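Reviewing the structure listed below.
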Amino acid sequence: MTTKISRINPDQLHETPGYHHITVVETGRTAYLAGQCPLDQAGSLVGADSLDAQVDQVVVNALAALAAVDARPPHVVRSVIYVRSDDRADLSLVWQRLTTSALGPAFTSASTLLGVAQLGFTGQLVEVDLTVALPA
C-alpha cells in the first residue's frame, strides 16, 4: 500500500510562496521529528551568527533524520520553522535558503514560519520541526 498525500490550496484562500494551506494524508504511519538544530554530529553549534551556515546544518541534520526512517523531503506533511529574529528579512532569508535546498520539497506542505525570541542552545538562530507521512 502506498501512502497518498494530497496538498491543497483552496481558491478562497490567499496564494502562498510555495507551501500549501492543507496537506491530507490518506493512510500510513507518521513520524514526528524532533526540532532539527544547527548542531554537528559532536553536538557543537555550527555557524554562530550565520543564518546561512545554520540553515545548511539544519538541512544536513533533517535529511539524515528522514533517511533514518526511510523517508525523503516529499514525505514531509507539516513543517514549523523557528528563526531567532524579529526581522522579516531574516525570516525571508531562512525560508528562501530552506526552500531552495535539498530539503526544499519538504516545505511544499502545510508550513509555519515564526520569528522567536530564543531557542534552546546558546547562539542558535534556526530550528526546523517536521512531521512525516512514512512511505509504505
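Keep in mind that this is a model prediction, so the values were computed, not measured.
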Looking only at heavy atoms, the pair that brings L91 and G115 closest together is CD2-N, 3.6 Å
Quick one: do T108 and V76 satisfy side-chain contact (heavy atoms from CB on, under 4.5 Å)? Show the steps, please.
CA-CA 9 Å; T108 63; V76 171; over 6 Å; no
Walk me through whether Y82 and D129 qualify under side-chain contact (heavy atoms from CB on, under 4.5 Å).
CA-CA 8 Å; Y82 302 93; D129 179 4; 4.2 Å; yes
Identify the two heavy atoms, one from Q54 and one from A48, that lie closest to each other, and give their separation to 0.1 Å.
NE2-CA, 4.0 Å
Any non-hydrogen side-chain atom of P73 less than 4.5 Å from a side-chain atom of L63?
yes
If I take atom CG from residue D52 and atom CD from residue Q57, how far apart are they, to the nearest 0.5 angstrom?
13.5 Å
How far does OG1 of T30 sit from CZ of R78, to the nearest 0.5 angstrom?
13.5 Å
Do L51 and V83 make a side-chain contact, defined as non-hydrogen atoms from C-beta onward lying under 4.5 Å apart?
yes
Considering non-hydrogen atoms only, spot the tightest contact between A71 and L134 and give its length.
CB-CD2, 4.3 Å
First locate atom OH of Y19, then atom OG1 of T99, and finally report the distance between them rounded to the nearest 0.5 Å.
12.5 Å
Which heavy atom in S79 sits nearest to a heavy atom in F107, and how many Å separate them?
OG-CD2, 3.4 Å
Is the shortest heavy-atom distance from the side chain of Q118 to the side chain of R84 under 4.5 Å?
yes
Rounded distance [0.5 Å steps], CG in L113 versus CZ in R88
10.0 Å
Verify whether one side chain among S109 and R7 offers a donor that lies under 3.5 Å from an acceptor in the other.
yes
Considering all heavy atoms of both residues, which atom of E127 and which atom of C37 are nearest to each other, and what is their separation?
OE1-SG, 3.5 Å
Rounded to the nearest 0.5 Å, how far apart are CD1 of I81 and OG1 of T112?
8.5 Å
For a salt bridge (Lys or Arg N to Asp or Glu O under 4.0 Å) check, start with the C-alpha distance between R97 and D56, then their side-chain angles and the critical distance, and finish with the verdict.
CA-CA 8 Å; R97 194 153 186 103; D56 293 349; 2.8 Å; yes
Taking the side chain from H21 and the backbone from H14, do they hold a donor-acceptor pair closer than 3.5 Å?
yes
Do L103 and L93 share a hydrophobic cluster (ILVMFWY, side-chain heavy atoms under 4.5 Å, transitive)?
yes
Check whether any side-chain heavy atom of V55 lies under 4.5 Å from a side-chain heavy atom of S101, and answer yes or no.
no
Answer whether the closest heavy-atom distance between the side chains of T16 and N9 falls below 4.5 Å.
yes
Evaluate the side-chain proximity of L125 to D90: yes if any heavy-atom separation is below 4.5 Å, no if none is.
no
Heavy-atom pair of closest approach, residues P38 and V58:
N-CG2, 3.7 Å
T23 side chain reached by I8 side chain, heavy atoms, under 4.5 Å
no
Do the side chains of L45 and L39 get nearer than 4.5 Å, heavy atoms only?
yes
Hey, quick one: are V59 and V69 part of the same hydrophobic cluster, counting side-chain heavy atoms closer than 4.5 Å, chains of contacts allowed?
yes
Tell me if the CG atom of D87 is crowded by more than 12 foreign heavy atoms within 6.0 Å.
yes
Would you kindly confirm whether L119 and V80 end up in one hydrophobic cluster when ILVMFWY residues are joined by side chain heavy atoms under 4.5 Å apart?
yes
To the nearest 0.5 Å, what is the distance between OG (S85) and CG (L114)?
12.5 Å
